[in-house]
Amino acid sequence: ASEEIVLLDVWASPYAMRVRVALVEKGVKYVCQPQNLVDKSSLLLEMNPIHKKVPVLIHNGKPICESLVIVEYIDEVWPESSPLLPIDPYQRSQARFWGDFIDKKIFVGAKELRMAEGQEKENKAKDFLENLKILEGVIGNEKFFGGDTFGYVDVALVPITSWYDVLETCGNFSIEVNCPKIMAWTRRCKERHSVSSSLPDPNKVYSFALETKKAIGLK
Ligand SMILES: N[C@@H](CCC(=O)N[C@@H](CSO)C(=O)NCC(=O)O)C(=O)O
């Protein structure tokens, strides 16, 4: 029987989008099981008892949790197509370093900006742009963070692009003006089937986010 690959996710979760992009890059067929994060299913609680969060990849009945851990797992289980992490150990360490930076500064920073009120908003907007400008320097004139090929760091970051409209509204800034190279990278990524088929329509994210600013599901 063919192997069974199930993804427990929510459509607007940037963390879950990472896994969808990685699976499509690998050409791996999977079944999405959207989760309710307010009234969590017994499956989610059983598959991720520690964090009780999505995404969770269930491969032949065994759960893998934490989006970047899942992306590495996918890269190792299906190595023959679209390698995501470099071969060289030092290059791998640098890719993991930037994946961690994206988690701690970009994804967390985006959530803090979205949740901020009043003066706090300005501070969070400044912090977010400062950190995005660091990545502007990292991408430089490369096509992707992986150099010529779309790789692990690209997968880690690309979900935030579906949240740009929300962040520009909350932060009252233009990403194009502040980070033109990140914007060029964004357009390049969106041309890829793995990205266009895995990320939701930004308008859908926009109305969802502004409507449910304090949404438990996206804390
Ligand atoms: N470090 C983890 C974060 C996942 C997460 O926050 N998932 C959220 C939805 S997306 O914002 C989640 O499942 N929240 C439910 C909860 O916190 O109860 C990862 O990389 O997979």
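Atom set for the values below is all heavy atoms of this structure, side chains included, hydrogens, waters and symmetry mates excluded. Remember, it's 1-based here, ligands and their atoms both numbered in the order they're listed.
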Pairwise ring-ring contact (aromatic ring centres under 6.0 Å, His included) hits with a residue in residues 18-40, at least two apart: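 Those involving residues 18-40 do not exist here.
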
Passing candidate, side-chain hydrogen bond (donor to acceptor under 3.5 Å, both in side chains) with Ser194, options Lys26, Glu25, Arg20: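 Only one of Lys26, Glu25, Arg20 forms a side-chain hydrogen bond (donor to acceptor under 3.5 Å, both in side chains) with Ser194, namely Glu25.
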
Below 3.5 Å, N or O to N or O, backbone or side chain included: is there any such pair between [X] and ligand 1?
X: Glu66; result: yes
X: Val10; result: no
X: Ser67; result: yes
X: Lys53; result: yes

Test: [X] and [Y] ion pair at under 4.0 Å:
X: Glu130; Y: Lys126; value: yes
X: Glu176; Y: Arg187; value: yes
X: Arg92; Y: Asp75; value: no

Mode of Lys40 contact toward ligand 1 - side chain, backbone, both, neither (heavy atoms, under 4.0 Å):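 Side chain only.
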
